[in-house]
Amino acid sequence: MTTTDTTGVDAPGTAPTEVAPTQVCASTPMGYGSMRRKEDARFIRGQGRYLDDIALPGMLHGAILRSPFAHARIVSIDTSAAEAHPKVKAVITGETLAGLGLAWMPTLSHDVQAVLATDKVRFQGQEVAFVVAEDRYAARDALGLIEVDYEPLDAVIDARTALDEGAPVIRDDLDGRTDNHIFDWEAGDAAATDDVFARADVVAECDMLYPRVHPAPMETCGSIASMDPVTGKLVVYTTTQAPHAHRTVYALVAGLPEHKIQIIAPDIGGGFGNKVGIYPGYVCAVVGTIVTGVPVKWVEDRSENLMATSFARDYHMRGEIASTKDGKLLGVRVKVLADHGAFNGTAQPSKMPAGLFHVFSGSYDIAAAHCQVTGVYTNKAPGGVAYACSFRITEAVYLIERLVDVLARDQGWDPAELRMKNLVQPEQFPYTTALGWEYDSGDYPRTLQKALDIAGYAELRREQAEKRERGELMGIGISFFTEAVGAGPRKTMDILGLGMADGAELRVHPTGKAVLRLSCMSQGQGHSTTFAQIVAQELGISPDDIEVVQGDTDQTPFGLGTYASRSTPVSGAATVMVARKVRERAKIVAAAMLEVSPDDLEWEKGRFQVAGDPSASAAIADIAMAAHSDLELPDGVEGHLDATCVYNPPNLTYPCGAYICVVDVDAGTGQVKVRRFIAVDDCGVRINPMIVEGQVHGGLADGVGMALMQLMAFDSDGNHLGASFMDYLLPTAMECPSWELGETVTPSPHHPIGAKGVGESATVGSPPAVVNAVLDAIGVRHADMPLTPAHVWRAMRGDPIRTDLAID
Amino acid sequence: MQVPAQFDYERATGVRHAIALLTRYGPESRLVAGGHSLIPMMKLRIANPETLIDINDLDELTGISITDGALRIGAMVRHAELLDSPLAVEHFPILVDAERVIADPVVRNRGTIGGSLCQADPSEDLSAAFTALHAVAVIEGESGRREVPAREFHTGPYQTVVGDAEILVEVRVPIRTGSGSAYEKVERRVGDWAVAAGGAALWLDGDTVGEVGIGLTAVGAAHFCAPQAEDFLRGGPATEERFAEAGRIAAEHVRPTADQRGPEDYKRHLAGELTTRALRRAAARARGSEA
Amino acid sequence: MQITVTVNGAAHTREVEPRLLLVHFLRDELRLTGTHWGCDTSNCGVCVVQLDGQPVKSCTVLAVMADGREVRTVEGLAGAAGLDPVQQGFSDKHGLQCGFCTPGMMMTCRALLDRNPDPSDTEIRVAISGQICRCTGYENIVRSVRAAAEMERAARVEVEEVQA
């Protein structure tokens with residue numbers, strides 16, 4: 001169900017309607033709209049080509065032996081029995097890698113990570129040995145033949161004890177390390193913020209944990225490495241959201257020349273941030289092909305995926321919010337203990353150790369804000385920035401949206417009114433926050449009002465009051481988020497020194513068909529369709545006549561890839577700019593064709609026409625043929641229309657949204673039923689509204705999952721208690737309501753088509769709405785996610801569960 | 001993807017053949033029916049049988065019928081078949097309640113009644129349901145068939161009275177008038193194992209409880225049953241107050257253990273709450289007054 | 001051991017290890033890679049195929065157990081007349097994004113419509129409740145199945161009108 005509002009005139013109570021996607025018709029203008037996805041033709045026939053679908057001639061299969069201990073010294077590894085297995089071709093250990101200088105690899109956060117353990121294992125599931133065998137079954141069998149003698153060590157599991165005196169030192173591989181401290185980092189004006197708090201009428205504080213979760217795409221991570229022994233060229237098929245960044249990292253890690261490395265990302269079965277980093281298994285596959293001389297495939301199983309690849313969040317936050325006695329927000333501050341696991345492997349802008357967390361003043365006009373973040377090592381898997389988090393804006397939005405609710409509860413204020421009163425006003429844009437971000441555009445009050453209208457907020461509150469009289473628990477939760485997506489600019493945002501800009505190349509063939517080459521990589525977002533629509537809109541070519549190429553470093557221009565909702569803001573802008581370059585060339589050619597001055601031409605509905613004479617015109621197809629023909633071309637056109645572009649975003653784009661969740665809670669069992677979920681998103685101009693809505697739907701389900709069930713706790717020995725889909729529960733169709741969507745549109749003023757990112761908005765914005773609703777229902781000030789039935793029941797009794805540790 | 005270790009495979013053609021194969025291959029052989037408990041455990045290499053004996057062709061173990069005044073459910077009946085069974089709906093709706101919340105619809109197409117009971121997971125649902133119904137398990141071995149009450153079937157977690165060379169062939173539930181039954185489960189998510197679950201069967205004589213059965217799962221109830229609560233109810237009036245008290249008694253006698261599904265106090269609370277709810281709904285059904 | 005499995009109407013005979021999972025038989029032996037796998041514990045449902053017409057999780061069925069039986073995979077959905085209405089519904093209603101769970105979802109939904117030509121939204125949600133999708137939030141999958149049901153209903157009406 002969708003309610004659209006682009007006029008600025010709201011129609012309260014507008015009935016949501018379902019919009020059927022329509023095929024873009026063959027006539028011009030062509031471009032934006034809900035057209036069916038071009039990529040679906042292969043997916044619905046089972047003709048997608050995912051990593052594990054690829055079988056290269058002679059290919060061998062790898063499997064990884066992993067540590068059963070969270071912290072242990074490796075005394076010895078005996079691989080002789082495994083090597084004797086008739087189908088085993090190689091067994092690689094940390095010792096093998098050390099000989100090649102590959103036992104350790106750089107992380108994306110100025111640290112190193114063990115590829116295969118040499119000295120110690122530092123989390124349960126850490127990579128210890130790699131077997132290469134003729135088939136996947138034999139490789140698995142051989143793992144059982146490797147004998148590792150471990151000397152178990154005390155583990156640091158509870159992040160809150162990581163800096164305790166006498167805590168076991170996890171990273172004794174680093175020179176001079178005597179504790180588990182990684183970094184201290186702060187943002188905002190501490191003194192000004194303290195001053196505001198000292199003068200405030202009201203202060204509300206709350207300790208909250210955004211627990212460790214995992215993106216868990218349906219396809220796990222994997223890689224096929226193939227080194228041509230003659231040419232020395234390494235081809236790596238891999239599940240990557242950022243093929244070009246991977247190539248550069250391989251070059252730096254392995255010392256291979258970059259032009260001899262080709263990264264190919266086939267179809268990707270979901271990424272959500274899980275497929276940004278380079279995992280030890282990928283490096284092992286590369287070593288495997290070098291050792292054996294034939295291609296080696298490694299694909300992790302689900303337990304490996306959950307135990308060892310990028311987790312997300314794990315932020316222990318102590319937040320405070322200050323306001324006047326009549327509800328004007330004044331300041332917000334937070335101290336964060338960030339659990340980064342055993343290696344600091346977060347994937348985020350290098351200069352920002354807490355990512356973009358410092359947008360935590362949210363959508364409100366708040367004068368002062370300050371955060372202090374301390375990162376620590378624990379005996380858990382590395383990661384921390386993944387799972388559709390927009391570089392930790394998930395944590396930021398959760399913090400502020402919980403604090404606002406806590407304040408409202410403490411003071412007896414309506415949480416919708418408190419939000420409405422404090423939202424940044426439309427006339428304040430561009431709005432510079434207390435933490436230095438320049439929000440580009442938005443009409444927050446209209447967005448929130450729209451959500452309240454769709455929800456029927458007043459009526460819901462009446463229903464809630466009536467139900468309370470009868471002892472029934474119903475809750476209404478609101479969250480309002482501002483996202484910050486589309487990283488760079490490259491000056492402030494880089495990964496490993498690689499600035500966050502993206503390239504696009506557009507080739508227009510003589511017949512007017514086009515090929516667009518992108519540096520970003522779809523994991524299901526529908527790039528083949530959306531980006532073709534952008535070109536179609538700019539050039540008047542049917543989207544069906546535009547091939548989008550991505551995911552192959554030999555075929556595409558350099559760029560940092562798809563994560564943090566940056567494809568449309570960055571690569572989308574690059575696509576617009578490259579199409580406009582083509583159009584400018586086309587204009588000169590058209591002028592020559594029509595024998596007029598370029599100044600006399602107007603771009604109209606996909607054609608250049610002579611001003612005042614619509615009969616004299618040329619479409620891109622005609623112009624492309626002319627550009628390739630014997631037509632004498634004017635100065636400035638060498639021939640052809642092809643162009644390239646690199647887009648360095650001047651700022652992030654700032655989508656926003658207002659979400660309202662309605663839940664019913666069974667007082668006797670603590671079970672939560674999400675009855676309704678209203679989501680009004682403003683992501684600027686929508687290129688393919690159908691795809692945008694689909695992205696929102698998926699993120700909303702994520703929010704329900706994180707808020708209610710996705711649980712990754714560890715027992716005191718460091719055993720991972722969410723290491724399979726039996727234990728790490730993802731929401732099914734039964735836990736998800738029929739989403740009720742609405743939209744407002746405030747274009748981004750600095751994006752060439754006014755578009756903003758949207759891929760992660762709903763994942764960022766929805767968890768606090770669900771949590772606020774559940775806590776509203778049960779009348780509890782705070783309890784951490786996930787709000788499982790047991791946890792809800794305990795919270796109702798004033799005894800909430802510590803969700804990062806084993807329940808005892 | 002995780003894969004099982006090597007094993008030998010035999011396809012049984014009949015119950016006698018299956019028993020002969022079990023005898024031949026000994027205690028390291030296992031029957032496989034739906035395989036939805038066993039095969040995942042083999043992939044995780046927690047279970048490593050040397051021989052699998054496939055009993056999917058054993059038509060004599062299929063079918064749901066009324067035989068000799070009892071509902072007879074063959075051990076190879078798939079969960080989906082029991083869920084859709086008009087006989088189950090008519091006589092023992094507790095079985096339909098339970099089936100609706102066992103695993104998921106696709107797994108239910110494959111998983112079998114006998115497989116679930118013989119896996120004897122301490123959180124398994126049908127074990128509690130059949131316990132509540134005072135059902136009887138029929139087991140066949142070389143020397144013929146024997147009958148074991150459902151509440152004597154399990155000897156501990158993952159352990160049953162079925163011998164190495166025996167097969168559970170069917171479950172029988174005697175049909176008596178005045179019955180009503182229901183099953184209540186709390187799960188963290190659809191398809192998850194129970195945090196706790198309770199089933200109740202009542203045979204009313206007017207407003208008096210003639211006979212009663214209470215089955216509990218995932219809460220450490222010995223043999224999946226709550227005999228003290230049953231004793232309390234038997235012969236007394238079927239009232240809301242007494243159902244609440246029966247729940248309290250049931251909760252008192254369970255021995256749940258904490259895990260990520262919930263702490264001990266919560267599971268104990270659920271044992272009582274779900275017992276009461278199941279009794280309430282069973283009574284409404286017995287009276288034909290279910291809302 | 002030697003097995004013969006009929007897949008999408010064609011009989012395939014192969015020598016296999018007893019432990020070979022049906023999903024690997026389809027993917028590795030027959031190179032029908034439309035059927036995916038996503039977990040080790042029968043929880044995710046991306047591996048669903050039809051075995052003798054019933055949706056099953058092919059990661060939890062041994063290939064030897066399918067000996068002599070009929071398997072239908074996503075590759076067998078489209079017929080000579082073109083796409084199956086379920087496939088068309090998923091395309092029309094944006095019932096997929098990354099496409100990884102899609103084959104399993106479609107095989108289950110095809111079986112649902114064969115059994116129940118006019119399912120309610122709740123019946124659709126129950127039918128797919130053993131299968132995880134991380135992209136769509138399920139909403140458009142439900143709409144896709146509804147659309148497929150509507151297409152088939154319209155086709156039936158057309159046939160009836162022609163017959164009348």
Side-chain angles (χ1 to χ4, degrees), chain A residues 18 20-21 34 36-37 39-50 52-53 55 135-137 215-220 267-272 301-303 522-526 690-691 693-702 704 724-726 729-734 736 738-739 762, chain C residues 17 19-20 24 27-28 31-44 46 73-78 83-84 86-88 90-103 106 121-122 124-143 147:
Chain A
E18 186 176 325
S34 290
R36 288 187 195 91
R37 299 199 322 168
E39 43 272 87
D40 290 352
R42 66 178 187 279
F43 291 138
I44 58 172
R45 289 171 174 82
Q47 300 299 323
R49 184 172 182 251
Y50 302 91
D52 200 28
D53 300 343
D135 64 65
R136 60 178 102 225
Y137 283 55
M218 296 319 296
E219 180 201 33
T220 60
D267 287 325
I268 294 186
F272 316 109
D301 64 40
R302 180 55 62 186
S303 294
S522 175
Q523 311 124 46
Q525 294 93 334
M690 175 193 82
I691 287 178
E693 286 169 19
Q695 298 258 294
V696 172
H697 288 162
L700 297 177
D702 270 336
V704 169
S724 79
F725 278 168
M726 292 177 73
L729 302 180
L730 299 166
T732 76
M734 299 303 287
C736 295
S738 182
W739 316 109
Chain C
E17 274 193 287
R19 63 170 168 167
L20 184 70
H24 287 142
R27 289 176 51 81
D28 296 345
R31 295 299 299 152
L32 293 171
T33 56
T35 303
H36 306 137
W37 60 268
C39 75
D40 305 298
T41 47
S42 323
N43 294 102
C44 80
V46 304
T73 71
V74 64
E75 289 91 345
L77 265 187
L83 292 178
D84 186 277
V86 170
Q87 291 172 302
Q88 193 62 53
F90 271 71
S91 176
D92 288 352
K93 296 295 179 184
H94 192 30
L96 66 150
Q97 290 180 33
C98 81
F100 204 70
C101 74
T102 312
M106 291 194 303
D121 284 6
T122 302
I124 297 168
R125 286 178 184 271
V126 168
I128 60 172
S129 63
Q131 290 161 263
I132 306 288
C133 171
R134 302 288 288 141
C135 298
T136 65
Y138 304 103
E139 178 75 26
N140 286 347
I141 295 178
V142 175
R143 291 179 190 172

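Every chain is numbered from 1 and lettered A, B, ... according to where its sequence line falls, protein lines coming before strand lines. Quick caveat: nothing in here was measured; it's all calculated off a predicted structure.
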- [ ] Return the option, out of C/Gly130, C/Ala147, C/Cys39, with the maximum number of heavy-atom pairs under 4.5 Å with chain A.
- [x] C/Cys39
- [ ] Give, as side chain, backbone, both or neither, the part of A/Gln695 having an atom under 4.5 angstrom from any heavy atom of chain C.
- [x] both
- [ ] Among the options A/Phe725, A/Phe43, A/Phe272, pick out the one with the most heavy-atom pairs lying under 4.5 Å from chain C.
- [x] A/Phe725
TODO: State the CG-NE2 distance between A/Asp52 and C/His24, to the nearest 0.5 angstrom.
DONE: 6.5 Å
TODO: Sort A/Arg37 into side chain, backbone, both or neither according to what part of it lies under 4.5 angstrom from a heavy atom of chain C.
DONE: side chain
- [ ] Tell me, for C/Val142 versus chain A, whether the close heavy atoms (under 4.5 Å) come from the side chain, the backbone, both or neither.
- [x] neither
TODO: In plain terms, say whether A/Asp702 and C/Arg134 are close enough for a salt bridge, that is, a side-chain N and a carboxylate O under 4.0 Å apart.
DONE: yes
Open item on the list: As an exercise: rank C/Val86, C/Thr35, C/Leu20, C/Leu32 by heavy-atom pairs under 4.5 Å with chain A and give me the winner.
Closed with: C/Leu20
TODO: Among the options A/Ser522, A/Ala701, A/Ala216, A/Pro217, pick out the one with the most heavy-atom pairs lying under 4.5 Å from chain C.
DONE: A/Ala216
Open item on the list: Report which part of C/Leu83 has an atom under 4.5 Å of a heavy atom belonging to chain A: side chain, backbone, both, or neither.
Closed with: side chain
TODO: Can you tell which part of A/Pro215 gets under 4.5 Å to a heavy atom of chain C, answering side chain, backbone, both or neither?
DONE: backbone
- [ ] Taking all heavy atoms of A/Cys736 and all of C/Gly137, pick out the closest pair and write down the distance.
- [x] CB-O, 4.1 Å
Task: Under 4.5 Å from a heavy atom of chain A, the part of C/Asp84 involved - done: neither
Open item on the list: Let's go through C/Asn43 and A/Arg302 carefully: what are the C-alpha distance in whole Å and the side-chain angles of both, what is the deciding distance for side-chain contact (heavy atoms from CB on, under 4.5 Å) to 0.1 Å, and is it a yes or a no?
Closed with: CA-CA 11 Å; C/Asn43 294 102; A/Arg302 180 55 62 186; over 6 Å; no
Task: Minimum heavy-atom distance C/Tyr138-A/Thr732, with the two atoms named - done: CE1-C, 3.3 Å
Task: Top of C/Val74, C/Leu96, C/Thr41 for chain A proximity - count of heavy-atom pairs under 4.5 angstrom - done: C/Leu96
Open item on the list: Using every non-hydrogen atom in the two residues, find where A/Met218 and C/Cys44 come nearest and quote the distance to one decimal.
Closed with: CE-CB, 3.3 Å
Open item on the list: For A/Asp135, which atoms come within 4.5 Å of any heavy atom of chain C: side chain, backbone, both, or neither?
Closed with: neither
Task: Short side-chain to backbone donor-acceptor contact, C/Glu139 and A/His697, under 3.5 Å - done: no
Task: For C/Met106 against A/Ile44, the heavy-atom pair lying closest together - done: CE-O, 3.1 Å
Task: Spacing of CD1 belonging to C/Ile132 relative to CG belonging to A/Leu730, to within rounding of 0.5 Å - done: 5.5 Å
TODO: With a 4.5 Å cut-off on heavy-atom pairs, point out which of A/Gly699, A/Ala762, A/Ala41, A/Pro731 contacts chain C the most.
DONE: A/Pro731
Open item on the list: Heavy-atom cut-off 4.5 Å, strictly under: side chain, backbone, both or neither for C/Arg31 against chain A?
Closed with: side chain
Open item on the list: With heavy-atom distances below 4.5 Å as the criterion, would you say the side chains of A/Asp267 and C/Phe100 are in contact?
Closed with: no
TODO: Kindly compute the distance separating OG (A/Ser724) from CG (C/Asp40), expressed to the nearest 0.5 Å.
DONE: 8.0 Å
Open item on the list: Distance check, rounded to the nearest 0.5 Å: C/Cys135 atom SG versus A/Gln525 atom CD?
Closed with: 8.0 Å
Task: Nearest-0.5 Å distance that lies between atom CD in A/Glu39 and atom OG in C/Ser91 - done: 10.0 Å
TODO: Using modelled atom types only, decide if a donor and an acceptor are shared between the side chain of C/Arg125 and the backbone of A/Met734 within a distance under 3.5 Å.
DONE: no
Open item on the list: Taking side chain as everything from C-beta outward and backbone as N, CA, C, O, which of these in A/Gln523 sits under 4.5 Å from a heavy atom of chain C? Side chain, backbone, both or neither.
Closed with: backbone
- [ ] Identify which part of A/Ile691 has an atom lying under 4.5 Å from any heavy atom of chain C, answering side chain, backbone, both or neither.
- [x] both
Task: Heavy-atom proximity to chain C below 4.5 Å, by part of A/Leu700 - done: neither
Open item on the list: For C/Thr136, which atoms come within 4.5 Å of any heavy atom of chain A: side chain, backbone, both, or neither?
Closed with: backbone
Task: Portion of A/Arg136 that has a non-hydrogen atom of chain C nearer than 4.5 angstrom - done: side chain
TODO: Let me know if A/Tyr50 has heavy atoms under 4.5 Å from chain C in its side chain, its backbone, both or neither.
DONE: side chain
Task: Minimum side-chain heavy-atom gap A/Gln47-C/Glu75 below 4.5 Å - done: yes
- [ ] Please report the closest heavy-atom contact between C/Cys98 and A/Gly269, naming both atoms and the distance.
- [x] SG-C, 3.4 Å
TODO: Hey, could you give me the CZ/OH distance between C/Arg19 and A/Tyr137, rounded to the nearest 0.5 Å?
DONE: 7.5 Å
